[in-house]
Protein chains: 2
Amino acid sequence: MLRISKLTDYATVVLAVLAEDAAAPHSAAQLADATHIALPTVSKVLKALQRGGLVASTRGARGGYQLARPAANISAVDVIDAMEGPVGLTECVTHPGSCDLEATCRSGDAWQRVNLAIRRALQDVTLLELTGRTTTGEARAVTAGQTAAEFAAALRAGTLRARTIEGGVQ
Amino acid sequence: MLRISKLTDYATVVLAVLAEDAAAPHSAAQLADATHIALPTVSKVLKALQRGGLVASTRGARGGYQLARPAANISAVDVIDAMEGPVGLTECVTHPGSCDLEATCRSGDAWQRVNLAIRRALQDVTLLELTGRTTTGEARAVTAGQTAAEFAAALRAGTLRARTIEGGVQ
DNA sequence: GCTAACAGGACTAAACTAGTCCTGTATTTT
DNA sequence: AAAATACAGGACTAGTTTAGTCCTGTTAGC
Ligand code: SF4
Ligand code: SF4
């Protein structure tokens with residue numbers, strides 16, 4: 001199935017609302033109302049996002065949450081990382097050494113590459129896209145093109161190179 | 001985390017062995033031995049792959065499993081589809097209509113696009129890559145480039161277009 | 001008829017997910 | 001100062017999914 005968790009999904013919905021009106025802080029209750037997600041759940045999501053540094057919180061009356069940085073600067077990977085931990089398709093990607101087959105298995109390297117490719121792809125999807133307002137400007141086209149090129153490179157590149165990229169990008 | 005299930009992972013390992021010597025049928029026991037995965041588990045994996053049409057099975061003595069088609073013709077998506085059902089990042093991708101938020105949520109379209117992009121990316125990773133023998137031929141580079149372009153297009157395209165592509169490709 | 005090997009499905013334990021709730025703390029308003 | 005607002009952290013539960021095993025039946029070769 002290869003799916004993201006429902007909470008991660010909710011996170012993007014909540015973030016979309018925050019992105020809409022980035023100036024003022026929004027309380028969890030307000031966001032629950034706007035998104036139609038139950039308050040305790042929204043609250044949980046927001047706490048995770050705060051820990052991940054994607055939203056800033058202010059306590060007390062008239063407090064609430066707001067984006068920690070511009071929407072254009074928050075990507076799908078960031079959201080996933082904050083909600084479920086770093087993207088890792090296989091065991092050997094997330095916890096190297098913990099898979100018994102690692103010595104003999106030769107698929108590992110390929111998965112590493114695929115993982116990286118997906119990660120890069122996700123990195124190019126910003127909150128702007130996630131809000132549903134498709135940006136069709138040329139700037140957008142350029143970044144997409146760039147990512148596509150990198151994507152091809154990542155797929156083609158050998159393991160060593162892939163790991164170097166990963167180290168530099170991660 | 002966004003991970004594939006361990007069984008899917010095993011599937012690629014098993015398929016890699018099958019790809020190595022595509023001529024003769026391999027019994028589940030043989031494959032278990034070659035991969036160091038427990039026999040019942042290998043058996044389960046193979047049954048799923050057979051149902052998915054990726055391997056062909058022969059019963060009886062001297063029977064076993066072999067690839068149903070050339071390794072170059074089996075992609076990562078095929079494996080995932082066979083093992084865990086079609087890739088679907090969100091609820092609304094796999095079961096449209098089942099999410100309560102679908103009426104108000106505007107992230108759905110974006111996830112649809114991302115989902116498609118990932119699917120296409122995975123489609124370009126064949127068993128050949130998964131066996132660990134990185135093919136660096138020009139043919140490979142070309143297909144990677146092609147996918148990259150499509151990838152960019154998919155990311156940039158509006159919902160309508162994305163859905164059209166999906167319908168045609170799926 | 002015996003044996004090798006797949007087919008199908010039942011079953012279990014463990015892990016993860018979604019969702020709720022409670023207790024505490026910071027900030028503002030009155 | 002007191003009260004109200006709102007986040008922080010974590011415990012907890014029910015439900016689902018995953019990994020892995022096992023058993024019973026069927027098919028093919030010798
Ligand atoms: S790819 Fe190979 S080494 Fe990595 S987790 Fe899967 S089986 Fe283990
Ligand atoms: S993206 Fe929106 S509509 Fe789709 S499953 Fe998530 S919340 Fe529901």
Side-chain angles (χ1 to χ4, degrees), chain A residues 1-11 13-14 18 24-33 35-66 68 80 83-85 88 90-91 94-95 98-101, chain B residues 1-11 13-14 18 24-33 35-66 68 80 83-85 88 90-91 94-95 98-101:
Chain A
M1 258 187 291
L2 193 68
R3 68 166 35 186
I4 62 174
S5 91
K6 214 158 188 179
L7 290 186
T8 306
D9 185 357
Y10 289 162
V13 177
V14 170
L18 284 180
H26 297 254
S27 76
Q30 273 181 291
L31 292 168
D33 201 53
T35 56
H36 302 120
I37 304 171
L39 174 56
T41 305
V42 172
S43 186
K44 186 180 193 172
V45 166
L46 284 164
K47 279 183 247 181
L49 290 175
Q50 128 79 23
R51 258 174 247 134
L54 295 195
V55 301
S57 63
T58 348
R59 287 190 171 190
R62 305 219 19 102
Y65 296 91
Q66 46 195 318
I80 295 178
M83 296 300 298
E84 5 186 326
T90 59
E91 187 71 29
T94 39
H95 308 106
S98 74
C99 173
D100 297 338
L101 303 167
Chain B
M1 258 186 293
L2 194 69
R3 69 167 32 187
I4 62 174
S5 91
K6 215 158 188 180
L7 289 186
T8 306
D9 184 357
Y10 289 163
V13 177
V14 170
L18 284 179
H26 298 253
S27 75
Q30 273 182 289
L31 291 168
D33 201 53
T35 56
H36 302 121
I37 304 171
L39 174 56
T41 306
V42 172
S43 186
K44 186 179 193 172
V45 166
L46 284 165
K47 278 182 247 180
L49 290 175
Q50 128 78 24
R51 258 174 248 132
L54 296 194
V55 302
S57 62
T58 349
R59 287 191 171 189
R62 305 223 12 108
Y65 296 91
Q66 46 195 319
I80 294 178
M83 297 299 299
E84 8 186 322
T90 59
E91 186 71 28
T94 40
H95 308 106
S98 74
C99 173
D100 297 339
L101 303 167

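From a predicted model like this one, the values you see are computed outputs, not experimental measurements. Residue numbering restarts at 1 for every chain, and letters A, B, ... go by the order of the sequence lines.
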Think A:Y65 has a side-chain N or O under 4.0 angstrom from the OP1 or OP2 of D:dA6? no
For A:Q30 versus A:P25, what's the shortest heavy-atom pair and its separation?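 Where A:Q30 meets A:P25 most closely, the heavy atoms are OE1-O, 4.0 Å.
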Nearest heavy-atom neighbours spanning B:E91 and B:C99: CG-CB, 4.2 Å
Provide, to the nearest angstrom, the distance between the [atom1] atom belonging to [X] and the [atom2] atom belonging to [N].
X: A:Q30; N: D:dA6; atom1: CD; atom2: P; answer: 8 Å
X: A:R62; N: D:dA6; atom1: CZ; atom2: P; answer: 9 Å
X: A:L46; N: D:dA6; atom1: CG; atom2: P; answer: 13 Å
X: A:R3; N: D:dT18; atom1: CZ; atom2: C1'; answer: 15 Å
X: B:M83; N: D:dG20; atom1: CE; atom2: C1'; answer: 12 Å

Name the residue closer to the 5' end of DNA chain C, choosing between B:G64 and A:I4 according to the nucleotide with the nearest heavy atom.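 It is B:G64, whose closest nucleotide lies nearer the 5' terminus.
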Quick check for you: name the first and last nucleotides of DNA chain C, 5' to 3', having an atom under 4.0 Å from a heavy atom of chain A. C:dA18 to C:dT29
DNA chain C contacts among residues 47-59 of chain B, heavy-atom distance under 4.0 Å: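 Those residues are B:K47, B:Q50, B:R51, B:S57, B:T58, B:R59.
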Just need the stems in DNA chain D: three or more back-to-back Watson-Crick or G-U pairs, each with both distances under 3.5 angstrom, sorted by first number.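 Result, WC/G-U stems under 3.5 Å: C:1-30 with D:1-30.
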So do the side chains of B:H26 and B:L18 get within less than 4.5 Å of each other, counting heavy atoms only?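 B:H26 reaches B:L18 side chain to side chain.
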How long is the straight-line distance from CG of A:D9 back to CD1 of A:I4, given to the nearest 0.5 Å?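 The distance works out to 5.0 Å.
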Kindly compute the distance separating CG (A:L2) from CZ (B:R3), expressed to the nearest 0.5 Å.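 The CG atom of A:L2 sits 11.5 Å away from the CZ atom of B:R3.
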Does B:E84 have any salt bridge (charged side-chain N to carboxylate O under 4.0 Å, His left out) partners at least two apart in sequence or in another chain, and if so, which?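 Counting only residues at least two positions away or on another chain, B:E84 forms no salt bridge (charged side-chain N to carboxylate O under 4.0 Å, His left out).
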Counting only side-chain heavy atoms from C-beta out, which of D:dT18, D:dG29, D:dC7 sits nearest to A:A28?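 Looking only at side-chain atoms, A:A28 lies closest to D:dC7.
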What's B:A29 touching, base or sugar-phosphate or nothing? Going by heavy atoms closer than 4.0 Å.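 B:A29: no heavy atom of the nucleic acid under 4.0 Å.
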What N/O pairs connect the protein and nucleotides 14-17 of chain D at under 3.5 Å? Give each pair on its own line.
none

Which atom pairs, donor and acceptor, lie under 3.5 Å between side-chain atoms of residues 41-59 of chain B and protein residues at least two apart or in another chain?
from: B:T58; atom 1: OG1; to: B:G64; atom 2: O; distance (Å): 3.4

